[in-house]
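Have a look at the structure below before the remarks.
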Amino acid sequence: MAKPLSEYNRKRDFKITAEPSGAASGAQRNASALTFVIQKHDARNLHYDLRLELDGVLKSWAVPKGPSLDPSQKRLAVQVEDHPLSYGSFEGSIPAGQYGAGDVIVWDRGIWHPHDDPQTAYAAGKLEFTLAGEKLSGDWVLVRTHLKGSGDKERWLLIKENDRHARPASDYDITEAQPQSVLSGACVGNARPTPAPQKTAASVTLAGVQITHAERVIDLASGTRKLQLAQFYQSISEWLLPFLRHRPVSLLRAPEGIDGEQFFQKHSEHLAIPHIKQLDQRLDPDHARLMQIDSLAALIGAVQMGTVELHTWGATSDKIETPDLFVLDLDPDPALPWKAMLEAAQLTLSVLDELGLQAFVKTSGGKGLHLMIPLARRDDWATVKAFAKAIAQFMTQRLPERFTATSGPKNRQGKIFIDYLRNARGASTVAAYSVRARPGLPVSVPVSREELKGLRGAQQWTVANLQQRLQGLKGDPWAGYANRQRLSKQMWDTLGATQPQ
DNA sequence: GAATTTG
DNA sequence: CAAATTCAACGCGAC
DNA sequence: GTCGCG
Ligand SMILES: [Mn+2]
Ligand SMILES: [Mn+2]
């Protein structure tokens, strides 16, 4: 049943809106002279409001698509709160910020003749009636469906009966043919005289994905807009996708921009991220299904959902229990000068050289650097993590003034924490060429060993200047990355550690 | 951002 | 219909 | 057991 007039009054501030305040009409009208009105309302979504006078108020339904003269076209009509009779002649603009803000015109009005007792028929959920308006005529039926709409809103259907006023939709669309107000001749919505002027479209299609809120600024520091971030990711997709393909991915999303709420997302079961791949449940039986980005469309789909950062597992989905790389995440005390960070990286690389392991360096886009070591997918997570921990402890033992293998800010005072914990099953590390959700939108960028000494910071590249670097590159900074390496007994011995199990 | 619930 | 609310990870090590 | 971390 519809909400009463008090609901109408509660939703409106009559000091601000020009709409009439509501009071039921005391005088009981003659049942043969009931009025109806259809208002066209250019609110958030353009729709038509059908209002039938009954019991001194206007019973009201929102009809998203408006009436159709075609009896085969059933039009959804969501019942809304009763409106006062005086609302029937309201035409004008509801101010922004008010309930139902937007322009209203009286699209049609006249008399409705119920075929039966209207109170009884209304209560029964099936109103059959004849309209005598300026545009609409003939017999109509308004019938309540069993399905409730959102909340307690009742869903009805507005259907034209077959009579001499009926016309097939292919032949004639009355909302299209007669868009204007019957009071003023004014138009509203996309039927405006100059339909939606020169305003840039709010949504754009990129790589087959509709990007909504394309103009939303997601980073104040760089002024980057949502569409620009999507275009950036598209422009570097040939560099980024090889690091995303074939492995589980987690997303850091910030739909309102990096200064708004941020959250991590590891699965995509409830809401569909366009084109994203759902991985087999058996890969991680204790959790919801993991996801994977294998294509440009999926990447752009993720951006549409507000994704800024992409984090990947250190294993591929087809062999998920044996990592194909491990990470040494060098996290400096923020107070340390960049020079100390560079020296620490060189020292760690020297040890890896001693071990016979080739490592690949990337900026984190945050404070530190990431060393990535490709593996032959032979050892399990526990083994690989223990090995990374052994390196961290070995470095700390050798150079306790520079390094720590113990997490926590207190232990990191003046030092660099070698974060080996990224190498646990289920953990992830920001992918090479992922943007970071920080002011200026820095990017995690692979660099060659030769370039390392000249690095000026972990945020040297951002969405604004990465293109320039990539275009100027002579060769692949990570040449040889495809060479997978095995951990040997000799390496464990050198580190003074033993392989678990 | 999208789905769901509330008014 | 419009507005408000809800949800979108997880395990590890330090203490 | 809780907390902080990424
Ligand atoms: Mn309306
Ligand atoms: Mn780090």
Side-chain angles (χ1 to χ4, degrees), chain A residues 2-4 6-12 39 41-50 60-65 76-81 83 94 97-102 104 148-156 203 209-213 216 218 226 248-257 260-274 284 286-288 290-291 301-307 309 311 313 327 329 331 364-368 370 381-382 385 389 392 404-412 417 419-430 436-438:
Chain A
K3 294 282 170 51
S6 58
E7 186 71 7
Y8 170 90
N9 286 323
R10 193 188 59 73
K11 286 180 175 176
R12 288 165 177 78
Q39 281 154 319
H41 185 182
D42 185 23
R44 266 252 280 279
N45 295 298
L46 180 70
H47 60 274
Y48 295 77
D49 292 298
L50 167 66
S60 296
W61 292 261
V63 185
K65 292 182 164 179
L76 174 66
V78 180
Q79 190 167 17
V80 298
E81 68 273 15
H83 282 53
I94 301 172
Q98 286 299 291
Y99 183 82
V104 176
K148 286 284 179 71
S150 57
D152 59 353
K153 287 294 180 289
E154 285 171 342
R155 287 166 170 263
W156 297 58
S203 111
V209 175
Q210 274 295 113
I211 304 293
T212 62
H213 302 108
R216 172 176 297 165
I218 57 160
K226 185 181 177 187
V249 67
S250 303
L251 312 176
L252 182 72
R253 292 174 54 197
E256 275 127 63
E261 193 186 1
Q262 302 183 0
F263 54 88
F264 227 65
Q265 182 164 350
K266 302 179 79 159
H267 348 95
S268 169
E269 294 211 321
H270 312 298
L271 63 159
I273 297 178
D284 202 21
D286 298 337
H287 297 96
L290 299 168
M291 53 189 172
V303 176
Q304 160 56 19
M305 299 302 287
T307 299
E309 299 188 2
H311 296 241
W313 282 41
V327 185
D329 173 11
D331 283 343
S364 68
K367 283 279 169 215
H370 295 162
W381 289 102
K385 184 176 141 189
K389 181 178 184 178
T404 176
T406 312
S407 67
K410 288 214 321 272
N411 301 304
R412 200 181 55 175
F417 171 51
D419 182 359
Y420 61 91
L421 296 164
R422 309 289 84 237
N423 303 297
R425 189 185 190 285
S428 60
T429 303
V430 72
R436 305 306 305 270
R438 297 165 183 250

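A note on names: the letters A, B, ... follow the listed sequences, proteins ahead of strands, and every chain is numbered from 1.
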Phosphate OP1/OP2 of [N]: any [X] side-chain N/O under 4.0 Å:
X	N	answer
A:Gln265	C:dC7	no
A:Asn45	C:dA2	yes
A:Ser407	C:dC12	no
A:Arg216	B:dG1	yes
A:Lys226	B:dG1	yes
A:Arg44	C:dA3	yes

So if I take every side-chain heavy atom of [X] and compare against [options], which nucleotide ends up nearest?
X	options	answer
A:Tyr99	C:dA3, C:dG13, D:dG6	C:dA3
A:His267	C:dC1, C:dC10, C:dC15	C:dC10
A:Thr212	B:dG1, C:dA8, C:dC1	B:dG1
A:Met305	D:dG6, C:dA2, B:dG1	B:dG1
A:Lys11	B:dG7, C:dC1, B:dG1	B:dG7
A:Asn411	C:dA14, B:dA2, C:dA8	C:dA14
A:His287	C:dC1, C:dC10, C:dA8	C:dC10
A:Leu421	C:dA3, C:dG13, C:dG11	C:dG13

Under 3.5 Å: donor-acceptor pair, side chain of A:Arg422, backbone of A:Ala427: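 Pair absent, no side-chain N/O of A:Arg422 close to backbone of A:Ala427.
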
Is a side-chain N or O of A:Lys226 found less than 3.5 angstrom from the main chain of A:Gln304, in a donor-acceptor match?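 Side chain of A:Lys226 to backbone of A:Gln304: a pair is present.
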
Rounded to whole angstroms, how far apart are [atom1] on [X] and [atom2] on [N]?
X	N	atom1	atom2	answer
A:Gln262	D:dC5	CD	P	15 Å
A:Asn423	C:dG11	CG	C1'	14 Å
A:Ile211	B:dA2	CD1	P	10 Å
A:Asp419	D:dC5	CG	C1'	9 Å
A:Leu251	B:dA2	CG	C1'	15 Å
A:Arg422	C:dG11	CZ	P	13 Å
A:Arg12	C:dC1	CZ	P	15 Å
A:Leu252	D:dC5	CG	P	16 Å

Distance, C1' atom - from C:dA9 to D:dG4, rounded to whole angstrom: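 D:dG4 and C:dA9 have their C1' atoms separated by 15 Å.
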
Distance, C1' atom - from C:dA8 to B:dT4, rounded to whole angstrom: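 The same atom, C1', in both gives a distance of 14 Å.
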
Identify whether any heavy atom of [X] sits under 4.0 Å from a base atom; if not, whether one sits that close to sugar-phosphate; answer base, sugar-phosphate or nothing.
X	answer
A:His213	sugar-phosphate
A:His311	nothing
A:Thr406	sugar-phosphate
A:Lys389	nothing
A:Ala43	sugar-phosphate
A:Glu261	base

To check you understand the geometry: which heavy-atom pair defines the closest contact between A:Leu252 and A:Phe264, and what is its length?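 Closest approach of A:Leu252 to A:Phe264: CD1-CD1, 3.7 Å.
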
Whether the A:Gln265 and A:Ser250 side chains hold a donor-acceptor pair (N or O, under 3.5 Å, no angle test) is what I'd like checked.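 A:Ser250 and A:Gln265 do not have a side-chain donor-acceptor pair below 3.5 Å.
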
Less than 3.5 Å apart, any donor N or O on the side chain of A:Glu81 or A:His83 sitting next to an acceptor on the other?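 Result is no, nothing qualifies.
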
Would you call the rings of A:His287 and A:His267 parallel, tilted or perpendicular if under 30° counts as parallel and over 60° as perpendicular?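 Parallel.
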
NZ/NE/NH1/NH2 to OD/OE distance under 4.0 Å, A:Lys266 and A:Asp284: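 The answer is no: the pair does not qualify as a salt bridge.
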
Check: A:Tyr8 side chain, B:dG7 base, donor-acceptor under 3.5 Å: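 Between B:dG7 and A:Tyr8, which were checked side chain against base, a qualifying N/O pair under 3.5 Å is absent.
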
